[in-house]
Amino acid sequence: MAVLPKYKSQVASFVIFAPLKKFDMKEVRVRFAPSPTGPLHIGGVRTALYNYLFARKHNGKFLLRIEDTDQTRFVPGAEDYIIESFKWCGIEYDEGVGIGGPHAPYRQSERKDLYKAYAEQLINEGHAYYAFDTPEELDQMRERLKAKGVATTQYDAFTRMEMVNSLTLSQEETNIRLNSGDPYVIRILIPENEEITINDLIRGEVNVHTSRLDDKVLFKSDGMPTYHLANIVDDHLMEISHVIRGEEWLPSAPLHVLLYRYLGWEPPQFAHLPLLLKPDGNGKLSKRDGDRLGFPVFPLKWTDPQNGEISSGYRESGYLPDAFVNMLALLGWNPGTEQEIFSLGELVQAFSIERVGKSGSKFDPEKAKWFNHHYLSQLPDATVAELLSDILTEKGLAVEMNFLTKVAGLVKDRAVLIPDLWDQSHFFFIAPETYDEKIVQKFWKPEIPPILKQVSGSIIGIDDFSTEKIDHSLKAFIQENGLGMGQVMNTLRLVLVGGSFGPGVAAIISVLGKEETQSRIERALKTLGS
RNA sequence: GGUCCGUUCGUCUAACGGUUAGGACGCCAGGUUUUCAUCCUGGUAAUAGGGGUUCGAUUCCCCUACGGACUACCA
């Protein structure tokens with residue numbers, strides 16, 4: 001902090017220090033706090049991404065905390081899945097599960113012992129109470145209210161005095177129940193007749209009247225806190241400055257504000273992100289939509305440990321992580337410029353929470369493909385060759401990198417997803433054994449075999465076996481002999497690749513080499529007749 | 001049902017009272033090309049409806065409609 005020179009007046013010091021105040025603010029610390037109940041879907045990845053971008057943009061910290069307070073919903077592998085998804089996307093976190101940090105542990109089940117004291121503090125200060133109602137009794141209460149035509153069947157000011165809790169029981173009775181080991185929960189005591197205001201970074205001011213809130217359970221009978229308590233306690237202890245989370249949390253935000261107040265803590269800033277919607281129709285994007293519409297909903301492939309059900313992932317489908325992240329970032333946020341290709345670093349620079357939209361975004365699989373095609377075609381040939389090499393290895397083929405790099409340069413523009421690379425290039429590695437029937441019908445005329453033999457002969461004479469030289473030579477040959485361009489080129493293509501696809505004929509010949517080209521011509525003459 | 005949030009081309013979105021309502025994806029057409037793609041050029045297409053406020057509303061306010069989220073001892 002700069003020392004204020006003595007000669008500056010009071011007024012001047014105010015002017016100078018007012019803007020500096022911003023730098024004085026506490027460090028930006030955000031968290032992504034998933035519950036390990038299954039694979040993280042792309043909506044979750046986007047929430048994590050926005051948290052990450054926000055943290056980096058403000059030189060803050062991004063933490064990963066696992067909210068596993070519901071033991072019944074724990075799914076093995078889910079936590080690793082989240083970490084691996086982050087790695088694939090390039091989202092790095094500074095503290096959290098797997099890497100530790102100053103506020104470890106970062107798994108709520110391992111922090112179990114610390115929550116109860118806060119719940120008890122709330123009780124002691126009259127902001128919470130013990131409740132002994134059984135699930136059956138709760139159901140009955142709701143049924144009773146419904147029968148009476150009451151709209152909100154909640155455990156609230158309207159009903160709490162009819163239930164079994166430390167508000168309706170005497171101190172003695174309560175103690176007896178507590179001491180005898182009766183199961184109980186701890187509920188917040190929502191105040192009556194008060195307007196709670198949340199200042200949301202995305203939505204502005206949101207007001208909710210406490211009469212609409214219910215006495216949510218903070219501490220469960222199994223000894224674990226609920227999300228509501230645990231998230232407030234941990235966010236405070238971990239010094240979280242901004243809570244950036246999905247819109248589905250907006251309705252419970254007033255409750256959280258109340259908890260901060262009762263615990264005597266300063267609440268963080270809130271930002272509730274709009275949801276990702278299904279591409280067709282309406283509603284939140286779900287796992288089923290992917291199966292139904294044929295696109296991945298998850299970053300990585302996931303096999304359900306319970307029933308073995310497989311969900312496809314972007315990685316396995318052949319998307320590049322950069323393309324995936326770029327596409328996701330623009331779904332609900334925009335930079336205010338017309339730029340739409342962003343590296344992760346550029347996203348960090350450009351990101352601002354104010355430019356996140358308010359309304360839900362329908363996910364568009366076509367746009368995702370467009371991004372991937374763009375990224376793939378921008379990749380250096382050598383990098384594409386590596387991708388190709390992995391595919392070949394899987395297929396039991398080994399091809400030298402030099403050759404692969406040439407092939408990569410020719411086919412990368414033609415592929416949308418990584419597997420397309422193979423579809424566009426297989427003939428470079430395996431000579432065609434069959435020929436497209438339609439193309440044969442169309443071009444394999446009696447005059448063709450002698451022409452091909454001549455072409456084969458003329459190729460021998462080319463010294464510099466470059467695409468340009470081959471192209472010239474071929475064109476010259478066609479002209480000299482008064483042949484049709486399409487006639488010769490298409491047949492040659494048929495012979496070399498087995499059909500009507502692929503890069504330019506001259507380029508293919510150049511990469512294939514003299515011998516292979518001639519051998520393929522001979523082979524076709526044998527198969528299709530000379 | 002109740003509470004809260006939202007609503008610009010088919011989709012993602014820009015325009016923070018004055019624009020021929022802009023861009024991108026998709027789609028269509030044309031061009032390049034030996035095939036198929038790519039690529040290039042052009043085109044199609046939107047302020048949910050109704051009231052206000054204002055000289056002027058996509059923009060501010062209200063109502064309606066529609067959509068969504070939430071409404072567990074789940075997160």
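A note on names: the letters A, B, ... follow the listed sequences, proteins ahead of strands, and every chain is numbered from 1.
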Applying side-chain contact (heavy atoms from CB on, under 4.5 Å), name anything that partners [X], two or more places apart in sequence or on another chain.
X        : result
A:Lys475 : A:Asp471, A:Met485
A:Pro251 : none
A:Ser466 : A:Asp464, A:Glu468, A:Lys469

Next item on the list: Hey, could you give me each pair passing side chain to side chain donor-acceptor pair (under 3.5 Å) that has a residue in residues 31-49 of chain A? Not counting sequence neighbours.
Entry: A:Arg31-A:Asn231, A:Arg31-A:Asp235

Same-atom distance ([atom1]) from [N] to [M], integer angstrom:
N     : M     : atom1 : result
B:A24 : B:A45 : C1'   : 14 Å
B:G43 : B:G49 : P     : 26 Å
B:U7  : B:U64 : C1'   : 13 Å
B:A46 : B:G22 : P     : 11 Å

[X] near the nucleic acid: base, sugar-phosphate alone, or nothing, with a heavy-atom cut-off under 4.0 Å?
X        : value
A:Asp214 : nothing
A:Arg493 : base
A:Ser500 : base
A:His373 : sugar-phosphate
A:Val497 : nothing
A:Val217 : sugar-phosphate
A:Pro254 : nothing

Check: Is the closest basic N to carboxylate O distance between A:Arg65 and A:Glu67 below 4.0 Å?
Finding: yes

Give a yes/no on whether any side-chain N or O of [X] is located under 4.0 angstrom from OP1 or OP2 of [N].
X        : N     : answer
A:Thr69  : B:A75 : yes
A:Arg212 : B:G2  : no
A:Lys284 : B:G67 : no

Provide the Watson-Crick or G-U wobble partner of [N], both distances under 3.5 Å; none if there is no partner.
N     : result
B:U20 : none
B:C25 : B:G10
B:U33 : none

Next item on the list: At under 4.0 Å between heavy atoms, which parts of nucleotides 40-50 of chain B does protein reach? Answer with one letter per nucleotide, 5' to 3': B base, S sugar-phosphate only, - none.
Entry: -----------

Check: Out of B:C73, B:U38, B:C70, which nucleotide sits closest to the side chain of A:Asp413?
Finding: B:U38

Checklist line | Candidates B:C73, B:U38, B:G2 - which lies nearest the side chain of A:Lys220 | finding: B:C73

Using atom names, set out every protein N or O paired with an N or O of nucleotides 9-14 of chain B below 3.5 Å, distance rounded to 0.1 Å.
from, atom 1, to, atom 2, distance (Å)
B:C12, OP1, A:Lys362, N, 2.8
B:C12, O2', A:Leu330, O, 3.2
B:U13, OP1, A:Gly332, N, 2.9
B:U13, OP1, A:Ser361, OG, 2.5
B:U13, O3', A:Asn334, ND2, 2.9
B:A14, OP1, A:Asn334, ND2, 2.5
B:A14, O3', A:Arg355, NH2, 3.3

Next item on the list: Find which nucleotide of RNA chain B each of A:Thr152 and A:Pro135 is nearest to by heavy atoms, and output the residue with the more 5' nucleotide.
Entry: A:Thr152

Notebook entry, point to check: How do A:Ala368 and A:Asn207 order along RNA chain B: which one's closest nucleotide is nearer the 5' end?
Noted result: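 Nearest-nucleotide comparison on RNA chain B picks A:Asn207.
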
Notebook entry, point to check: Relative to the ring of A:Trp302, is the ring of A:Tyr81 parallel (under 30°), tilted (30 to 60°) or perpendicular (over 60°)?
Noted result: perpendicular

Item checked: Polar side chain donor-acceptor pair, A:Asp234 to A:Tyr115, under 3.5 angstrom ->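 Short answer, yes.
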
Check: Looking at A:Phe132, does the NZ or CZ of A:Arg177 lie under 6.0 angstrom from its six-membered ring centre and within 45 degrees of the ring axis?
Finding: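 Output yes; distance and angle both within limits.
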
Check: Does NZ or CZ of A:Arg187 come closer than 6.0 Å to the centre of the six-membered ring of A:Tyr130, within 45° of the ring's axis?
Finding: no

Notebook entry, point to check: Between A:Ile198 and A:Ala253, which heavy-atom pair has the shortest distance, and what is it?
Noted result: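 Result for this residue pair: CD1-CB, 3.7 Å.
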
Next item on the list: Test A:Glu247 against every option in A:Lys358, A:Lys284, A:Arg203 by the salt bridge (Lys or Arg N to Asp or Glu O under 4.0 Å) rule and name the one that passes.
Entry: A:Arg203

